[in-house]
Amino acid sequence: MAPLLMHEEVGTGAADIAIPVKLSKRPYRLYFELSWEGDLSIDLLAWTAPKPKNLQPLGVSITTYNKAAYLLPNLETLAQSAAYAAGVLDLLVVNNGDPLPEGPAMAEVKALPNVGGTGGFLAGHAHFREKGYRHFVIMDDDIAILPDFIDRLYAISCFAENVHVGTMAEILNVPERIVKEQGANVSGSHTFGIDLINPFTDLQGWDRHRVYGYYEADFSGWWSLMVDLNGPTPTMPEKQFIKRDDIMFGYESRAQDVPTIVPPNLVVAHGEEGAPAYYYYDIRNDLILRARNSEGLSLSAKQLFQIAGYLMLSLQADRQRMFNAALSDFMAGPDRLQKSDIGKTLKHVRGMASKPLPIPKAPSEKDRLVAKDDKTDLATAEDVSDVPETQARLGGGERPRIRAVLRDWIRPSAWKTPDPLPIVENNPLLHARGQGAYLDVVPFTDTAYLRKREISAPFRFLHAVLLIAKLYCIRGRLLRAYKDRRTNS
């Protein structure tokens, strides 16, 4: 669309300019550019809209688990907003953990056993729907909120209808202003597949204009999502606990004509570190999502087989165990899930997970000299810096042929731990070739997981193959069971 000249002014001195724009009900994004000659100083620049006759309160629900150091400052930020001062912001804390060190005066606290993010969302949704509100915001406790964020979101709540409104999340752990996504869609053809909209866009980069397009998404993350309470009632099981609950809610809402949009002017900051146990919940809950919505989403035995093989060949023993456990628990059916104990499941999964280790520094030049000739005396060695160098990190490259990787399993040299260990940033299958062990970096951190070849890995793979074969045999019965549970929720 070609630019449209809407206003032109000639002269000097102060000017107060207002440009009316009539917008249709159709989806749109509207932005403008200013050009001038000479000096220009802008005191205030804002979009305004006619004030609704009746201002509806907006609920905000924050689910927390022993993160008071993050929660309390965020509550203070929300309490300093214009919306809170006007009495149209209603704050709720769903506390899944220990009692808070101090009771926040600005929020109601609802104490629950550890029901995870899923239970926290369901509690907040029921709480504000019972109050008769039109919208509520589900929000993480550990995000960083800009001072005007909730006021922007409140303004949108005055006009939003039949849509959930998501928020872009800047990645806290990097210096650039990179947002993870602008919403996402569930891949219908690829099991565990997610198609991100505008992934990893730099808000100060050359391609930042992409975020001003209009996109309807299946879902947006629950770091902050404004939910239309007149939309479909969430029916996901509370025992889902964490992971893929935001995807399930958004996908099933969109199937009932309530999509998610993510405006370009709503941004919070969110860390990207995740606990190792998340992998189990990602696998199990994605399988549940696809079983509940099998008319649009595939559940491919071939892709499950490929994932099992990848985990074995890339030496990810802990994820092999979690993958097999997730398959077993999914095949137990929705009734078993409903009867399961959240705490026992979490403890069991945590016991499978590897613990991240600090990435070791490379040896100094002096250490290398000593290692090369153990007769060298440190006192007489060449005077070099004692500051350890940073070890090289390996990344990129195409995946090797599977035949070449399989040959490593019968080569004795591949079972010897190399020294020093290679540090892998991405594509571990490439760098696992011929290595007895490697360090798999936790993104955006200085820690890594030690991946080692294990004799038991092929047997865990065979166990996965048997589980997948069983899943294929009982697939029809499982899909009906999960659909029936969704219908009767």
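Just so you know, residue 1 is the first one in the sequence shown, and it goes up from there. Because only heavy atoms are used, hydrogens play no part in the values below, and waters and symmetry mates are left out as well, while side chains stay in.
Annotation: side-chain hydrogen bond (donor to acceptor under 3.5 Å, both in side chains) contacts involving residues 112-128, sequence neighbours excluded, comprise Thr118-Asp245. Note on residues 462-489: pairs passing ring-ring contact (aromatic ring centres under 6.0 Å, His included), not counting sequence neighbours, are Phe330-Tyr482. Sequence neighbours left out, the pairs with a member in residues 317-333 that pass salt bridge (charged side-chain N to carboxylate O under 4.0 Å, His left out) are Asp318-Arg451. Screening residues 285-326 for ring-ring contact (aromatic ring centres under 6.0 Å, His included), with sequence neighbours left out, gives Phe305-Phe461.
Ring geometry, Trp415 versus Trp409: the interplanar angle exceeds 60°, so the pair is classed perpendicular (tilted spans 30 to 60°).
Taking all atoms of both residues into account, the shortest heavy-atom contact from Ile283 to Ala326 is CG2-CB, 3.6 Å. Minimum heavy-atom separation, Leu439 to Ala448: CB-CB, 3.9 Å. The two residues Arg486 and Gln256 come nearest to each other via the heavy atoms NH2-NE2, 4.1 Å. Of all the heavy atoms in Leu337 and Pro237, the pair that sits closest is CD2-CG, 3.9 Å. Residues Ile423 and Val441 approach most closely at CG2-CG2, 3.4 Å, considering heavy atoms. Closest approach of Pro412 and Ile410 over heavy atoms only: CD-O, 3.5 Å.
Between the side chain of Arg453 and the main chain of Gln435, a donor-acceptor pair closer than 3.5 Å is present. A donor-acceptor contact shorter than 3.5 Å is absent between the side chain of Asn265 and the backbone of Arg152. When atom types are taken as modelled, the side chain of Lys110 and the backbone of Val94 share no donor-acceptor pair closer than 3.5 angstrom. Of the possible polar contacts, none joining the Gln320 side chain to the Leu311 backbone as a donor-acceptor pair under 3.5 Å is found.
Shown here are the salt bridge (charged side-chain N to carboxylate O under 4.0 Å, His left out) partners of Glu170, two or more places apart in sequence or in another chain: Arg177. Under the side-chain hydrogen bond (donor to acceptor under 3.5 Å, both in side chains) criterion, Ser328 pairs with no residue at all, not counting sequence neighbours. Asp286 pairs by the side-chain hydrogen bond (donor to acceptor under 3.5 Å, both in side chains) definition with Arg244, Arg290, not counting sequence neighbours. For Glu76, there are no side-chain hydrogen bond (donor to acceptor under 3.5 Å, both in side chains) partners at least two apart in sequence or on another chain. Here Tyr438 pairs with nothing under the ring pair (Phe, Tyr, Trp, His ring centres under 6.0 Å) rule; sequence neighbours left out. The side-chain hydrogen bond (donor to acceptor under 3.5 Å, both in side chains) check on Gln316 picks up Ser314, with sequence neighbours excluded.
Tested against Val60 for a side chain to side chain contact (heavy atoms under 4.5 Å, CB included), the candidates Ile150, Leu153, Asn74 yield a single pass: Ile150.
The local environment of CD in Glu398 is sparse, with at most 12 non-hydrogen atoms from other residues, nucleotides or ligands closer than 6.0 Å.
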Run the side chain to side chain donor-acceptor pair (under 3.5 Å) test on His164 and Ser253 for me, step by step, so that the C-alpha distance in whole Å, both residues' side-chain angles and the decisive distance to 0.1 Å come before the verdict.
CA-CA 9 Å; His164 305 311; Ser253 286; 3.2 Å; yes

Evaluate Arg292 against Thr235 for side chain to side chain donor-acceptor pair (under 3.5 Å), listing each step before the verdict.
CA-CA 10 Å; Arg292 287 164 56 101; Thr235 60; 2.8 Å; yes

May I have the step-by-step check of side chain to side chain contact (heavy atoms under 4.5 Å, CB included) for Gln306 and Leu304, ending in yes or no?
CA-CA 5 Å; Gln306 291 172 340; Leu304 292 173; over 6 Å; no

If you apply the rule side chain to side chain contact (heavy atoms under 4.5 Å, CB included), what do you find for Lys243 with Arg284, and how did you get there?
CA-CA 9 Å; Lys243 308 301 289 183; Arg284 188 199 68 181; over 6 Å; no

Audit row: Trp223, Met139, side chain to side chain contact (heavy atoms under 4.5 Å, CB included) steps and yes/no:
CA-CA 5 Å; Trp223 39 77; Met139 186 180 289; over 6 Å; no

Where do Tyr251 and Asn185 land on the side chain to side chain contact (heavy atoms under 4.5 Å, CB included) test, with the steps shown first?
CA-CA 8 Å; Tyr251 181 86; Asn185 296 313; over 6 Å; no

Apply the test ring pair (Phe, Tyr, Trp, His ring centres under 6.0 Å) to residues Phe249 and Phe219: give CA-CA distance (whole Å), side-chain angles for both, the deciding distance (0.1 Å), then the verdict.
CA-CA 8 Å; Phe249 173 71; Phe219 72 95; over 10 Å; no

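The closest side-chain donor-acceptor pair between His190 and Ser298, if any, does not fall under 3.5 angstrom. For the 3.5 Å distance criterion, the side chains of Arg336 and Ser340 fail to qualify, holding no donor opposite an acceptor.
Counting heavy atoms from C-beta outward, Ile145 and Leu78 have side chains that approach closer than 4.5 Å. Between Asp140 and Ser224, the closest side-chain pair of non-hydrogen atoms is not below 4.5 Å. Counting heavy atoms from C-beta on, the side chains of Ile247 and Asp218 never come closer than 4.5 Å. Between Phe149 and Thr167, some side-chain heavy-atom pair lies under the 4.5 Å cut-off. At a threshold of 4.5 Å between non-hydrogen side-chain atoms, the residues Met248 and Glu252 count as touching. At a threshold of 4.5 Å between non-hydrogen side-chain atoms, the residues Ile62 and Ile138 do not count as touching. A 4.5 Å side-chain heavy-atom check between Leu297 and Ser189 finds every atom pair outside the cut-off. The shortest side-chain heavy-atom distance between Thr63 and Asp141 does not fall under the 4.5 Å cut-off.
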For residues 200-207, which side-chain donor-acceptor pairs fall under 3.5 Å, sequence neighbours excluded?
residue: Thr201; atom: OG1; partner: Asn198; partner atom: O; Å: 2.9
residue: Thr201; atom: OG1; partner: Arg210; partner atom: NH2; Å: 2.5
residue: Asp202; atom: OD1; partner: Gln204; partner atom: N; Å: 2.9
residue: Asp207; atom: OD2; partner: Arg210; partner atom: NH2; Å: 3.2

Using a 3.5 Å cut-off and no angle test, enumerate the donor-acceptor pairs between side-chain atoms of residues 425-432 and protein atoms at least two apart in sequence or in another chain.
residue: Glu425; atom: OE2; partner: Arg393; partner atom: NH1; Å: 3.0
residue: Asn426; atom: OD1; partner: Gly396; partner atom: N; Å: 2.7
residue: Asn427; atom: ND2; partner: Gly397; partner atom: O; Å: 2.7

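Electrostatic pairing of Asp335 and Arg485 counts as a salt bridge here, judged by a charged N lying under 4.0 Å from a carboxylate O.
Note that NE2 of His270 and CG of Leu172 are 8.0 Å apart. Values are rounded to the nearest 0.5 Å. Note: Leu479 CG to Ser294 OG = 4.5 Å, rounded to the nearest 0.5 Å. Atom CG of residue Asn96 and atom CG of residue Asn66 lie 9.0 Å apart, to the nearest 0.5 angstrom.
The ring of Tyr281 has its center closer than 6.0 angstrom to the ring center of Phe241.
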